[in-house]
Amino acid sequence: MSDQHGTPAVSAADIEEIRALFLRQATAENAHDIQMMDTVLAHTPPGQPDPVNFVARAYRFWGRAAVIDHFRAVFAGTWRFEPDEDAIRILPLGPDVAHIYAPTRITVGPAGQEGTTHTFLVNEVAIRTAGGWRISAIVPVPAQ
């Protein structure tokens with residue numbers, strides 16, 4: 001299937017791959033697995049701009065290395081990432097870009113403590129890369 005300009009459109013298989021990618025991200029976050037987390041983020045060839053970013057109300061991280069360092073820090077404490085799988089929406093924005101929306105319960109706290117849970121409306125951008133779909137941007141918005 002193509003759009004009106006003959007550009008291949010995001011297919012149903014792409015939507016499933018993006019959903020699986022997001023759920024792999026959730027698995028990585030809940031396992032506090034930095035290596036798996038790194039595999040879901042976009043990698044660009046040397047000399048090309050790094051499209052990975054994480055922008056939240058309290059902070060901003062620009063570049064894959066900075067985002068990985070952020071997750072390394074939060075994984076040292078209590079961290080759970082629990083998307084409402086029935087509410088995940090994937091919206092194609094172009095042939096190589098899609099928006100992921102997922103209401104998600106995120107629990108955060110110091111190591112060894114239960115932590116506090118908040119609901120966020122997680123918005124992410126997935127991009128098609130040579131290695132398949134990967135996450136480029138993460139923007140959690142507090143639901144309250």
Side-chain angles (χ1 to χ4, degrees), residues 1 3 7-144:
M1 183 165 61
D3 69 9
T7 306
V10 174
S11 69
D14 288 323
I15 298 293
E16 286 305 311
E17 183 180 343
I18 294 164
R19 179 181 175 81
L21 172 70
F22 182 74
L23 294 175
R24 231 177 18 258
Q25 174 189 335
T27 298
E29 289 193 42
N30 290 323
H32 296 200
D33 186 331
I34 287 294
Q35 286 73 32
M36 185 187 296
M37 193 66 198
D38 186 58
T39 68
V40 303
L41 297 176
H43 289 249
T44 54
Q48 290 190 2
D50 184 342
V52 177
N53 65 85
F54 184 119
V55 177
R57 185 170 53 184
Y59 43 73
R60 291 137 209 74
F61 300 99
W62 303 102
R64 191 176 49 75
V67 171
I68 288 294
D69 286 345
H70 165 68
F71 280 108
R72 188 175 283 114
V74 298
F75 289 174
T78 298
W79 181 265
R80 284 190 304 279
F81 185 87
E82 303 166 302
D84 177 350
E85 292 189 34
D86 292 334
I88 294 171
R89 305 246 349 228
I90 298 164
L91 307 161
L93 301 176
D96 299 320
V97 182
H99 174 220
I100 303 165
Y101 165 84
T104 303
R105 293 170 37 96
I106 298 175
T107 302
V108 62
Q113 296 185 20
E114 188 58 29
T116 304
T117 302
H118 301 280
T119 301
F120 288 85
L121 306 176
V122 174
N123 294 276
E124 298 193 3
V125 175
I127 59 174
R128 189 189 311 264
T129 70
W133 289 93
R134 297 294 183 266
I135 301 300
S136 172
I138 302 170
V139 183
V141 177
Q144 292 92 357

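Because the structure is a prediction, the values reported are computed rather than measured.
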Is there a side-chain contact between [X] and [Y] in this structure, where contact means two heavy atoms from C-beta onward sitting under 4.5 Å apart?
X	Y	answer
L91	Y101	no
V122	P83	no
T44	P51	yes
D96	I127	no
I106	H118	no

Any donor-acceptor pair under 3.5 Å linking the side chain of [X] with the backbone of [Y]?
X	Y	answer
N123	L121	yes
N30	F81	yes
T78	P110	yes
D84	P103	no
D14	S11	yes
T107	G115	no
R134	T39	yes

Q) Pick from L23, L21, T27: which one makes a side-chain contact (heavy atoms from CB on, under 4.5 Å) with V40? A) L21
**Q.** Result of checking V139, I18, I100 against E124 for side-chain contact (heavy atoms from CB on, under 4.5 Å)
**A.** I100
Q: Kindly check if the number of other-residue, nucleotide or ligand heavy atoms within 6.0 Å of CD (Q48) is above 12?
A: yes
Looking at every non-hydrogen atom in both residues, tell me the closest pair between [X] and [Y] and how far apart they are.
X	Y	result
A42	R64	O-CD, 3.2 Å
A56	F54	CB-CE2, 3.9 Å
R128	P95	NH2-O, 2.7 Å
W133	A98	CZ3-N, 4.1 Å
G63	D50	CA-OD2, 3.3 Å
T104	A102	OG1-O, 2.8 Å

Q: Name the orientation class of the two ring planes belonging to F61 and Y59 (parallel below 30°, tilted from 30 to 60°, perpendicular beyond 60°).
A: tilted
Q.
Parallel, tilted or perpendicular: which one describes the rings of H32 and F75, with boundaries at 30° and 60°?
A. parallel
**Q.** Working for side-chain contact (heavy atoms from CB on, under 4.5 Å), residues R80 and R105
**A.** CA-CA 8 Å; R80 284 190 304 279; R105 293 170 37 96; over 6 Å; no
Q | Gap separating the CD atom of E29 from the CD1 atom of I34, nearest 0.5 angstrom | A | 9.5 Å
Q: Considering only NZ, NE, NH1 and NH2 on the basic side and carboxylate oxygens on the acidic side, decide whether R24 and E17 come within less than 4.0 Å.
A: no
Q: Could you go through the side-chain contact (heavy atoms from CB on, under 4.5 Å) check for D38 and H43 one step at a time?
A: CA-CA 9 Å; D38 186 58; H43 289 249; 3.5 Å; yes
Q | Intermediate values then yes/no, side-chain contact (heavy atoms from CB on, under 4.5 Å), R19 and E85 | A | CA-CA 9 Å; R19 179 181 175 81; E85 292 189 34; 3.9 Å; yes
Q: Under the side-chain contact (heavy atoms from CB on, under 4.5 Å) rule, what do F71 and I138 come out as? Steps first, then yes or no, please.
A: CA-CA 12 Å; F71 280 108; I138 302 170; 4.2 Å; yes
